[in-house]
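Structure record follows, encoded as structure tokens.
Residues: numbered from 1 along the sequence shown.
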Amino acid sequence: MTTPATSAPTPDTPAPTSDAADASAGLLAELAPLLAAESDAEAPAAGVDPGDLEQAVWLRLLERLRETGAPERPAEWLRRAVRAEARRARRTSDRERPYRDEPAHEPGGAEPHGSPEHSLLAAEGRRALRAAVTRTPGRCPGVLTAMLDPQDPTYREIAGELGISQGSLGPTRSRCLGCLRRMLAAEVPAPGRRGRVC
């Protein structure tokens, strides 16, 4: 007795029609901004990178398109998929434990100074700081740039360079650092669990 052949995809199977491919491409283009926004919103609470969350949902959508076709209400499906992937990522990170032989890395913790990871993270931190300094208001970019100068100028030198009185430099520096601190706190989520914890 012979069994009927299944319709599994083979190299001889013709490619989908261009109408179906165009429809899928149109759907993907339509959902891209929504997915980016949803991923940016859900990622901090899940403790994952928005790009990783976005990639997981794209994969889920492409699998869905291949298996059952486009969802009836794509935007709703996408929002549910983002939240489901965020929950999955949160559960996974809660269960992950370091190997016994490998010390746990605490965010912001000490790493060997010669390691490539340390060098990369330090350079990335400096770039983020410099970029945030340029976005501060008023005189702050000049004051903070002078404070970050590796030659470590004195208050007198900074005041002379910026054309402000030495007495007003301290309060200005304090206001600028507070502004910078608020900007950076808004960009970087605090370490640890976020959201409702039962």
Which disulfide (SG to SG under 2.5 Å) pairs, counting each pair once, include a residue from residues 121-164, with sequence neighbours left out?
->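 Sorted pair list: C140-C176.
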
Whether S39 side chain and A36 backbone form a donor-acceptor pair below 3.5 Å =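 Looks like no, no N/O pair under 3.5 Å.
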
Side chain of T145, backbone of G142: donor and acceptor closer than 3.5 Å?
->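 A pair under 3.5 Å: no.
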
Side chain proximity check, [X] to [Y], heavy atoms < 4.5 angstrom:
X    : Y    : answer
L162 : R139 : no
L129 : L180 : yes
R175 : C179 : no
L28  : L62  : yes
Y155 : M147 : yes
S119 : P116 : no
I158 : T154 : no

Distance-only donor-acceptor hits, side chain of residues 82-89, under 3.5 Å, sequence neighbours excluded:
| from | atom 1 | to | atom 2 | distance (Å) |
| --- | --- | --- | --- | --- |
| R83 | NH1 | R79 | O | 3.3 |
| E85 | OE1 | R88 | NE | 2.9 |
| E85 | OE1 | R88 | NH2 | 3.1 |
| E85 | OE2 | R60 | NE | 3.3 |

E63, CD atom: more than 12 neighbouring heavy atoms under 6.0 Å =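 Yes, enclosed.
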
So with a 6.0 Å cut-off around CD of Q55, is the heavy-atom count from everything else above 12?
->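 12 or below, so no.
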
Can you measure from [atom1] ([X]) to [atom2] ([Y]) and round to the nearest 0.5 angstrom?
X    : Y    : atom1 : atom2 : value
I164 : L169 : CD1   : CG    : 4.5 Å
L148 : R130 : CG    : CZ    : 5.0 Å
W58  : L65  : CH2   : CG    : 9.5 Å
L31  : L78  : CG    : CG    : 5.5 Å
L144 : D149 : CG    : CG    : 12.5 Å

Contact summary for [X] and [Y], nearest pair of heavy atoms:
X    : Y    : value
A41  : P44  : O-CD, 3.8 Å
P153 : E157 : CA-OE1, 3.1 Å
P50  : D40  : CB-OD1, 3.2 Å

Does the pair R64 and T68 meet the rule for a side chain to side chain donor-acceptor pair (under 3.5 Å), with working shown?
-> CA-CA 6 Å; R64 162 82 190 238; T68 61; 2.9 Å; yes

